[in-house]
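Within every chain, numbering begins at 1; the chains are lettered A, B, ... in the order of the sequence lines, protein sequences first and strands thereafter. Only a predicted model underlies this, so the values are computations on that prediction, with no experimental measurement involved.
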Amino acid sequence: MFDIRVIRESGDEIQSRLGDRGKEIDWKLLLQLDTERRDFVTRVEKKRHRRKIVLSEIGKLKHQGKPDNTELLQEVEKLANEIKADEALIKPTEDRLNDLLLRIPNIPHTTVPSGKDESYNEECRRWGTPPHLAFSPLPHVELGESLDILDFKRAARMSGSRFTIYKGAGARLERALINYMLDLHTQNHGYLEIIPPYLVNRAGMTGTGQLPKFESDLFYIERDDFFLIPTAEVSVTNIHREEILDSSDLPLRYVAGTPCFRREAGSYGKDTRGLIRQHQFNKVELVSFTNPEKSYDELDRLLVNVETVLQHLGLHYRVVTLCSGDMGFSAAKTYDVEVWMPVQGVFREISSCSNFETFQARRAQIKFRGSDGKTDFVHTLNGSGVAIGRTVVAILETFQQEDGSVLIPKALQPYMGGMDKIEKR
RNA sequence: GGAGAGGUGCGAGAGCGGACGAAUCGGGCGGUCUUGAAAACCGCAGUCCUUCACGGGACCGUGGGUUCGAAUCCCACCCUCUCCGCCA
């Protein structure tokens with residue numbers, strides 16, 4: 001969330017740096033509400049000050065055993081009433097201002113390419129080569145059904161579209177990937193493993209930026225006012241909500257493998273078949289809290305940690321810098337890692353690594369105390385490390401054999417009980 | 001779900017109608033001492049809002065109420081802990 005003072009002082013600069021991202025914002029209204037609020041505040045504070053003085057006078061007289069001064073008592077009563085009335089006036093203005101501030105997206109970092117959609121994204125690098133399959137590869141849906149490791153039809157019967165039942169070696173593969181990634185990130189990359197809540201309250205969702213703007217993307221449990229997490233980013237980032245961290249404890253690095261729940265509102269007809277876009281999917285997520293001056297180094301590190309996963313699995317991928325128009329609401333800079341999907345012959349997002357700078361920290365009130373004793377907002381970052389369902393797709397499609405079996409990458413075999421191939425039972 | 005206890009600053013923890021923005025300890029920052037460090041000692045220091053500034057104001061889980069006056073009393077709600085019930 002933005003500091004209204006910054007907008008007050010350099011609103012024009014922010015507007016121009018936001019570019020298209022800020023075009024829905026009513027900047028004039030924002031400043032007007034700000035002025036209004038400050039006028040209210042100043043007025044009320046003057047009255048409160050006067051009230052304090054009168055009150056201490058009354059206290060003094062009481063102590064000296066003197067009779068009540070009705071004039072003073074009357075003044076205090078009058079002030080109390082006025083203050084109450086003024087406060088009632090401030091509240092709606094404050095709420096409106098706050099709501100507007102919460103709807104302003106983050107400012108893109110200066111190194112972010114500007115552009116309105118994904119066609120303006122910039123490819124940074126590619127790793128590996130596409131597999132050369134001497135036969136025409138089957139899509140993961142057919143492959144999964146013929147191997148009897150994925151069942152979309154029965155899942156739809158109980159839960160509707162965008163749900164899947166994993167069976168046998170399919171379930172094992174999913175679980176193996178989660179365990180493999182968690183082990184890699186905890187043992188080799190220095191992240192602390194977390195199992196967070198999957199249900200989060202409104203304040204938590206507001207902290208990371210899902211609310212108030214994207215409520216329709218979330219599954220919501222009305223009875224208890226809970227939301228299902230769309231990513232572990234939400235619960236893991238909120239671990240330190242309303243805390244002042246010790247600078248010497250930074251960076252804090254966490255990893256969590258959790259299910260994620262997304263309503264996918266507005267994506268009807270998009271990726272309807274298969275594992276690509278599900279209402280429920282597993283993801284291993286990396287989250288970092290850093291000192292402000294270290295956060296872009298941390299973003300690079302995060303990206304390397306993510307790439308390591310794909311390299312060990314032998315999956316062809318590329319890294320893309322998202323342009324301003326393709327970035328998420330809360331991000332200042334985002335790299336997407338896209339894995340090669342042989343059947344469609346395209347790269348598909350399998351990880352998204354972002355630096356949020358102070359955007360989430362402001363919303364969630366996450367600060368640190370520096371060596372000078374002063375407090376400031378931390379920078380938060382996160383990246384998928386990586387999305388499990390899409391990794392399953394990439395593995396099935398990349399390592400399939402002409403006979404319909406699928407080879408298991410070496411790195412994964414220990415997690416599959418030594419299995420090196422998935423075959424028809 | 002029932003009964004009880006509690007939620008105070010970076011952390012621990014006192015305060016239980018006015019002089020309390022809050023004792024004390026720990027941690028932090030600055031200094032003295034030391035070749036350096038530790039220890040010891042001295043000093044500084046909550047967070048936020050508002051003001052060009054001086055200053056002013058708010059904040060002791062949240063929201064109401066009582067009172068001239070509330071961290072302190074009352075009510076509701078939220079959260080935590082203990083016991084019971086239920087359950088994995």
Side-chain angles (χ1 to χ4, degrees), chain A residues 1-10 30-102 195-207 221-227 235 238-250 252 259 289 291 358 361-378:
Chain A
M1 179 165 70
F2 280 92
D3 189 339
I4 184 64
R5 280 174 299 194
V6 177
I7 294 176
R8 199 187 299 150
E9 278 154 31
S10 44
L30 216 51
L31 291 174
Q32 185 196 317
L33 289 170
D34 174 43
T35 315
E36 222 170 274
R37 181 186 149 266
R38 277 150 65 215
D39 287 348
F40 278 136
V41 167
T42 319
R43 196 167 42 163
V44 176
E45 285 184 354
K46 273 188 189 135
K47 288 178 186 166
R48 279 206 273 243
H49 179 50
R50 175 66 191 153
R51 177 173 175 269
K52 270 193 151 178
I53 291 169
V54 177
L55 236 37
S56 73
E57 284 298 317
I58 294 171
K60 237 182 258 168
L61 292 177
K62 274 258 190 259
H63 264 263
Q64 292 165 3
K66 293 186 179 163
D68 289 346
N69 181 329
T70 47
E71 215 170 283
L72 290 180
L73 289 180
Q74 273 170 13
E75 183 177 1
V76 135
E77 194 188 342
K78 181 168 164 264
L79 283 169
N81 288 334
E82 284 180 19
I83 288 165
K84 221 173 178 182
D86 286 345
E87 278 172 342
L89 286 174
I90 297 177
K91 189 85 168 57
T93 307
E94 236 166 22
D95 289 349
R96 262 181 94 194
L97 180 62
N98 242 324
D99 185 70
L100 284 180
L101 287 172
L102 285 170
I195 299 179
Y198 306 155
L199 295 174
V200 167
N201 61 24
R202 211 165 266 280
M205 284 292 170
T206 308
I221 294 158
E222 189 174 6
R223 193 185 164 98
D224 300 288
D225 203 24
F226 275 136
F227 296 87
S235 17
N238 274 288
I239 287 174
H240 293 299
R241 177 151 144 246
E242 286 163 47
E243 287 185 13
I244 299 177
L245 303 166
D246 197 323
S247 181
S248 62
D249 292 336
L250 300 176
L252 286 167
F289 301 77
N291 282 297
T358 60
R362 284 175 192 284
R363 293 176 158 242
Q365 290 295 309
I366 307 169
K367 302 184 159 188
F368 71 96
R369 194 177 299 282
S371 52
D372 57 357
K374 292 223 165 68
T375 62
D376 200 359
F377 292 107
V378 298

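If you check every strand for non-hydrogen atoms under 4.0 Å, A/Lys46 touches nothing. Across all strands, A/Lys47 comes closer than 4.0 Å to no nucleic acid atom at all (heavy-atom distances).
At least one donor-acceptor pair closer than 3.5 Å links the side chain of A/Asn238 to the backbone N or O of A/Gly204.
Atom P of nucleotide B/rC78 and atom CG of A/Asp224 are separated by 11 Å, given to the nearest angstrom. For the pair A/Phe40 CZ and B/rG56 C1', the computed distance is 19 Å after rounding to whole Å. In this structure, A/His49 places its NE2 atom 15 Å from P of B/rC54, rounding to the nearest Å. Whole-Å rounding puts the A/Arg51 CZ to B/rG69 C1' distance at 7 Å. Look at CG on A/Asn201: it is 11 Å from P on B/rU80, rounded to the nearest Å.
Taking the C1' atoms as reference points, B/rU47 lies 22 Å from B/rA53, given to the whole Å. As rounded to the nearest Å, B/rC25 and B/rC84 have P atoms that lie 40 Å from one another. When the P atom is compared between B/rA22 and B/rC29, the two are found 23 Å apart, to the nearest whole Å. A gap of 13 Å separates the P atoms of B/rU72 and B/rA19, to the nearest Å. Atom C1' of B/rU8 sits at a distance of 29 Å from the matching atom of B/rG2, rounded to the whole Å. For the P atom pair drawn from B/rA71 and B/rG9, the interatomic distance equals 15 Å after rounding to whole Å. Comparing the P positions of B/rU62 and B/rC10 gives an interatomic distance of 14 Å, to the nearest angstrom. The separation of B/rA14 from B/rG69, taken at their P atoms, amounts to 30 Å, rounded to a whole angstrom.
Residues A/Asn291 and A/Ser247 form a side-chain contact, since some pair of their non-hydrogen atoms from C-beta on lies under 4.5 Å apart.
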How does each nucleotide of nucleotides 44-52 of chain B score, in 5' to 3' order, for protein heavy atoms under 4.0 Å: base (B), sugar-phosphate only (S), or none (-)?
-> ---SSBSS-
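Checking A/Leu73 against A/Lys84, the closest nucleotide of RNA chain B that is more toward the 5' end is the one next to A/Lys84.
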